[in-house]
Amino acid sequence: MELAIGIILGCCALGAGLCMGIGAIGPGIGEGNAVSKACEAIGRQPESKSAVTSTMIMGCAIAETTGIYSLVIAILLIFVAPNLMVNILKNAIEALR
């Protein structure tokens, strides 16, 4: 029983780490590309600064939502999932008895 609980806790922590590791790469790369292209566009046509900046900020906000979603899932995996999984394990053991 203790081994199973340890495996559950370890897998939840591993899943949360992978979720944040992979979930943080996408927004970082996407926002970096967006800002670099916006700087290039403003450098080529300085008069379009306000339009490019507002579009870039909107795009960065949308790209950041994937990072926020992965943070929410990681928090759920750390704080909510272990209790649910341990309760399911205990109920399954009780049903077998």
Side-chain angles (χ1 to χ4, degrees):
M1 173 92 169
E2 288 80 20
L3 178 63
I5 292 174
I7 291 172
I8 289 171
L9 294 175
C11 288
C12 286
L14 182 66
L18 286 173
C19 182
M20 281 311 299
I22 294 170
I25 290 172
I29 293 172
E31 291 175 23
N33 284 338
V35 171
S36 72
K37 297 299 180 182
C39 288
E40 287 178 16
I42 291 170
R44 289 185 182 152
Q45 291 184 334
E47 65 274 1
S48 67
K49 178 183 177 185
S50 63
V52 171
T53 303
S54 63
T55 305
M56 179 204 61
I57 290 173
M58 180 61 78
C60 286
I62 292 170
E64 189 63 32
T65 58
T66 58
I68 293 170
Y69 291 149
S70 66
L71 176 66
V72 169
I73 297 300
I75 289 172
L76 289 174
L77 280 172
I78 290 173
F79 295 110
V80 177
N83 293 330
L84 291 176
M85 295 297 189
V86 169
N87 288 335
I88 290 170
L89 176 68
K90 288 180 181 177
N91 291 338
I93 290 173
E94 289 294 323
L96 291 175
R97 291 183 183 173

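All residue numbers in this chain count up from 1 along the given sequence. Note that the coordinates shown come from a computational prediction; the quantities given were computed from them, not determined experimentally.
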*Asks:* When you compare the side chain of Ile42 with that of Thr53, does any pair of heavy atoms fall below 4.5 Å?
*Replies:* yes
*Asks:* Which one of Leu9, Ile8, Ile7, Leu14 satisfies the side chain to side chain contact (heavy atoms under 4.5 Å, CB included) criterion with Cys11?
*Replies:* Ile7
*Asks:* If I take atom CG from residue Leu84 and atom CG from residue Leu76, how far apart are they, to the nearest 0.5 angstrom?
*Replies:*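 Here the rounded value is 9.5 Å.
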*Asks:* Apart from Ile57 itself, what residues make up its hydrophobic cluster, given side-chain heavy atom links below 4.5 Å?
*Replies:*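 Its cluster partners, ordered by chain and number, are Val35, Met56.
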*Asks:* Using the side chain to side chain contact (heavy atoms under 4.5 Å, CB included) definition, which of the options Ile75, Leu77, Ile73, Leu71 pairs with Met20?
*Replies:*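 Going through the options one by one, the only one that passes is Leu71.
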*Asks:* Given the rule that I, L, V, M, F, W and Y join up when any side-chain heavy atoms are under 4.5 Å apart, are Val52 and Met58 in one cluster?
*Replies:* no
*Asks:* Test: salt bridge (charged side-chain N to carboxylate O under 4.0 Å, His left out). Region: residues 86-97. Which pairs qualify, not counting sequence neighbours?
*Replies:* Glu94-Arg97
*Asks:* Could you tell me which non-hydrogen atom of Gly23 sits nearest to which non-hydrogen atom of Pro27, and how far apart they are?
*Replies:*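 Closest heavy-atom pair between Gly23 and Pro27: O-CD, 2.9 Å.
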*Asks:* In terms of hydrophobic clustering (I, L, V, M, F, W, Y; side-chain heavy atoms under 4.5 Å; direct or indirect links), are Leu3 and Met85 co-clustered?
*Replies:*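 Result: no, two separate clusters.
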*Asks:* Could you pull out the closest heavy-atom pair between Cys19 and Ala74, with the gap in Å?
*Replies:* SG-N, 4.1 Å
*Asks:* Between Ser54 and Ala51 (side chain of the first, backbone of the second, donor and acceptor by atom type, cut-off under 3.5 Å), is there such a pair?
*Replies:* yes
